[in-house]
Protein chains: 2
Amino acid sequence: MTDDRRKFRRESAEARKDALILAALDLVAEQGVRGATVRGIAERANVTQGLIRHYFSSKEELISAAYEYHMKAMTDQTAASAKDGSARDRLKGFVTASLTPPVVDPRAVALWAGFLNKTQQDPGMREIHRRTYAYFRDHLEALIAAAYADAGLSASPARLRHLGTAANAVIDGLWLEGGALPDAFEDGELAQIGLEAVGAILGFSLE
Amino acid sequence: MTDDRRKFRRESAEARKDALILAALDLVAEQGVRGATVRGIAERANVTQGLIRHYFSSKEELISAAYEYHMKAMTDQTAASAKDGSARDRLKGFVTASLTPPVVDPRAVALWAGFLNKTQQDPGMREIHRRTYAYFRDHLEALIAAAYADAGLSASPARLRHLGTAANAVIDGLWLEGGALPDAFEDGELAQIGLEAVGAILGFSLE
DNA sequence: TCAGTAATTATGCAAGTGTATAATTAGAGC
DNA sequence: GCTCTAATTATACACTTGCATAATTACTGA
């Protein structure tokens, strides 16, 4: 029989899941969660749609896995920045890295937007979001505390918490702006704005 | 005949269009553009789906009209703020209003996210977005220029443009943060962060 | 080399999608 | 009141959606 049944190669579960997750993220960024159809995802991952059901019990589960994957990638990306130097330098490095490509990235902001509904409605995804947010803010708060200590300044825990929240809000907000309007800023302009603003909030210059 | 055909009242074109637009915005905020189906929109507006086609030539057109409506509402909302007082006070009022409810609003941010794809792909909606963004930035830049003049400071046009872009980025970013994380900030906290950050960028205190 | 197994593809289905068109009926004008 | 028009509803259609299940085929290991 001249069956034109599609040839295929067997891959490890891990490789296939990753490919499906990456394809799903691409489509969510481009068209939102609802626009990321199982057929579209399968096509982009070079498999047929049945395979999705083989590795994930539903589209919902794939989307959730993709979100978790993405959020982990985001934290890994910034965790790498600035492990040495003075506290002030590490803080400065964190702000700069967070406001410079590849962290600043239109695709990542598109994903943020595409997932927003889900993170506010689905309890599982809400939890992933909460955890990632807390990770960033706590990391930043620790950097601020260290910089304060180094500078011989003191601040109450409540004050430090407020500073962490405020600095995080500025950085996060600028990150969104930079990804949403990639042509609105010159190279390094976004990071400079961030350093000025965060410095003002903390009460000492980061530039 | 016991025809259970639905009773209805005739309404003006304007009233019906507005009702359909508001219903569409609700659903876009909740479920994104793709989740806002013609049947869902019609139901929320208390009409049947055929009526949408009567007033809009396609779903696409309704969505576009809804986006324009929303963006106009956003500009109207802040245009009202701070028409008198010193330049510095007007600037301060603009920042504060932009970072306080009802301008800061989870639904508005959900709409921002829901429309993001469209504003980056559909040329018509991209233009509406560009215009609204330019309006805000220019408005802010004018306020900054006036405040500089009042304070006896001078700044080149290029410098003013940079300051407008930077201040706008901070405000816009914080606005997104406030709407996305309504419980992360105390009353007035977001506005205070904005005033500190913008003040630092401009080089004089707004507090 | 040759099963056996599970990874992969193919097919089918019911529900939901936007759009097109026909059928009704509310209300304005006389 | 009566007519007529257009605002509104109802129905139909082709297509897409997620999911289920059956049919194949690539690879493992003996």
Side-chain angles (χ1 to χ4, degrees), chain A residues 1-24 26-28 30-67 114 117-118 121-122, chain B residues 1-24 27-28 30-67 114 117-118 121-122 125:
Chain A
M1 277 186 289
T2 319
D3 220 43
D4 49 351
R5 194 183 179 91
R6 176 176 174 145
K7 301 294 184 223
F8 61 91
R9 285 188 38 195
R10 298 169 102 121
E11 300 281 354
S12 73
E14 187 129 352
R16 276 281 133 89
K17 282 190 186 178
D18 276 10
L20 287 170
I21 283 174
L22 290 178
D26 268 3
L27 287 178
V28 170
E30 290 169 19
Q31 325 206 41
V33 170
R34 270 190 155 84
T37 67
V38 290
R39 285 169 179 79
I41 294 169
E43 185 183 9
R44 188 153 311 197
N46 284 312
V47 295
T48 55
Q49 57 156 325
L51 202 60
I52 290 182
R53 271 280 290 167
H54 190 254
Y55 286 115
F56 301 91
S57 69
S58 67
K59 175 189 169 180
E60 194 69 16
E61 193 182 297
L62 167 55
I63 292 297
S64 196
Y67 182 62
N117 283 332
K118 294 271 170 192
Q121 287 166 18
D122 180 289
Chain B
M1 279 188 287
T2 319
D3 221 43
D4 49 351
R5 184 175 254 259
R6 174 177 177 144
K7 300 296 182 220
F8 62 89
R9 285 188 39 194
R10 298 170 103 120
E11 300 280 357
S12 72
E14 186 130 351
R16 276 281 132 88
K17 282 190 187 178
D18 276 9
L20 287 169
I21 284 174
L22 290 177
L27 287 177
V28 170
E30 290 169 19
Q31 327 205 41
V33 170
R34 274 187 210 243
T37 67
V38 290
R39 284 168 180 80
I41 294 168
E43 186 182 11
R44 189 154 309 201
N46 284 311
V47 296
T48 56
Q49 55 156 327
L51 203 59
I52 289 181
R53 272 279 292 167
H54 190 256
Y55 286 114
F56 301 92
S57 69
S58 68
K59 175 189 170 181
E60 193 70 17
E61 193 183 296
L62 167 56
I63 292 297
S64 197
Y67 181 62
N117 283 332
K118 293 272 169 190
Q121 287 166 20
D122 180 288
M125 294 185 59

Would you mind building the protein contact string for nucleotides 4-13 of chain C? One character per nucleotide, 5' to 3', B for base within reach (heavy atoms under 4.0 Å), S for sugar-phosphate only, - for untouched. --BSBBBBB-
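- Regarding B/Lys59, its NZ atom lies at a distance of 12 Å from the C1' atom of C/dT19, rounded to whole Å.
- Residues passing the side-chain contact (heavy atoms from CB on, under 4.5 Å) test with B/Asp122 are B/Glu60, B/Met125, sequence neighbours excluded.
- Computed from coordinates, the B/Ile41 CD1 to D/dT9 P distance equals 15 Å when rounded to whole Å.
- Pairs passing the salt bridge (charged side-chain N to carboxylate O under 4.0 Å, His left out) check and including a residue from residues 31-42 of chain B, sequence neighbours excluded, do not occur.
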Could you pull out all donor-acceptor pairs under 3.5 Å where a side-chain atom in residues 13-21 of chain B meets a protein atom, sequence neighbours excluded?
residue, atom, partner, partner atom, Å
B/Arg16, NH1, B/Arg9, O, 3.3

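- Remark: B/Asn117 pairs with no residue by the side-chain hydrogen bond (donor to acceptor under 3.5 Å, both in side chains) rule, at least two apart or across chains.
- Between A/Ala23 and A/Ile41, the shortest heavy-atom contact is CB-O, 3.6 Å.
- Sorted by first and then second residue, the pairs that involve residues 44-59 of chain A and meet side-chain hydrogen bond (donor to acceptor under 3.5 Å, both in side chains), not counting sequence neighbours, are A/Glu30-A/Arg44, A/Ser57-A/Glu61.
- Between D/dA20 and A/Arg53, a contact under 4.0 Å exists linking OP1 or OP2 to a side-chain N or O.
- Nearer the 5' end of DNA chain D, as judged by each residue's closest nucleotide, is the contact made by A/Thr37, out of A/Thr37 and A/Ser57.
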